[in-house]
Amino acid sequence: MPLDPHNKPLRRVRVELGPRSYEAIVGSGLFARVGEHVRATLGSASKHAAIVADSSLPAELVDSAGASLRRSGFLVSTVQLDAAERNKSVREAERICTHMASARMERQDPVIAIGGGIVGDVAGFAASMYRRGVPVIQCPTTLLAMVDASIGGKTGANLEVPNADGTTSLLKNLVGAFHQPSLVLADVACLGSLPIRHLRAGMAECLKHALIARDVEQSGTHETDLFQQTTDIAHSLTEPDKGAMIDLIARNLAVKARVVESDEHERSTAEVGGRAILNLGHTFAHAIETLSNLSPDGDPSNCPLHHGEAVGLGLVAAAHAAAKLGTLDQRDASRIRGAVAALGLPDRIAGLPDNQSLLARMHHDKKVSAGRLRLILPHGLGHARSHFDPPVPVIEAGWNAVRA
Ligand code: GLY
């Protein structure tokens, strides 16, 4: 594996998007040198940096990033964000913009987002709006954000929308912008303090990438199939090998990068390819992740499901729906279930609503367009396709497969 100037393993993944191209760098201890990386990326015109940090992160982590930026000549100010779904809001994005304005930040001055997906999305959204767009550097601290949210330029917030009956609904990611980062720094040192439940949840997105990798990776580029590499790491998740983790994250970033390059703004409606393929397992997952009664292990104190846990169940459901449709062998559907279980994620869940309610919830998902439900289903292990309005028994086969 290539080494950085301090002899630590480092991987670089290029995201090729013409004038919006950038690099994702994966390594250990990167945050202590964030200033050097940001300076090398943005050049000398940037004077001020606004760190937007998850308020629950260890202070020394954020302080070392701030110190590194100062050593590289930046004036640094920090905004703390309580990374809760209710704070993934236009109000918080505005607060960040106001902070930047009072610090007199200019067009070339970056936002440095340090945290999980919520922080990255809100900070990125603020960066997309402030002075009609300033650079954002994504520094994800969770596995989920490293392999998914930090790369690809989706930013945004939820919106509280009134219903006719006087109640309100929190509509997730309803507002936002595509705003590609200028740089992504994934520091695996952050994973050491991540609770195991979060690490497992992040692995669900890795497994999703493994299930589309053969559509995306050039054959012969890697010794090991990504599905194998993902399940191999399952056994050492409590004490993962740093080098193996860096490799896995970089490979996942590369899979996502290739998909984003092919359809940056998710406009493709083709059955083959397009960014929508990244929603494999997600239409099932979105239908259940906001249900407050679901627990990954039956313990009510662990309700609700984490996004990655719902995605793991969604992958099992999609696999069995595909087996019903005939696009995946039953044996491969069982292998996918086995991989989810090996990662320590639930592959069945108690307390699901009936199939009719679940179907209705799927139809409310924002991925439904022009009244058509678009479901991504595996076509053999490593390939996936879009299916528009698949037969109801196919979707029901998916739900039945995850019902405990
Ligand atoms: N998380 C799916 C995407 O970035 O398109």
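Counting convention: from 1, in listed order, for ligands and their atoms alike. Along the sequence shown, residues are numbered consecutively beginning with 1.
Judged by the shortest distance from any of its heavy atoms, K256 lies inside the 4.0 Å radius around the atoms of ligand 1.
R14 and E23 are not joined by a salt bridge, as no carboxylate oxygen comes within less than 4.0 angstrom of a charged side-chain nitrogen. Classification of K208 and E205 as a salt-bridged pair holds, one side-chain N sitting under 4.0 Å from a carboxylate O.
At a heavy-atom cutoff of 4.0 Å, ligand 1 is contacted by the side chain of D148 but not by its backbone.
Summarising the geometry, atom CD1 belonging to I114 is positioned 8.0 Å from atom OG belonging to S64; distances are rounded to the nearest 0.5 Å. With values rounded to the nearest 0.5 angstrom, L313 atom CG is found 12.0 Å from R403 atom CZ.
Between K208 and ligand 1, no N or O atom pair is found at a separation short of 3.5 Å. Residue contacts with ligand 1: K154 is placed with a nitrogen or oxygen under 3.5 Å of a nitrogen or oxygen of the ligand (distance criterion only).
A centroid separation of less than 6.0 Å is found between the aromatic rings of H286 and H282.
Near R275, meaning under 4.0 Å from one of its heavy atoms, ligand 1 places the atoms 3 (C), 4 (O), 5 (O).
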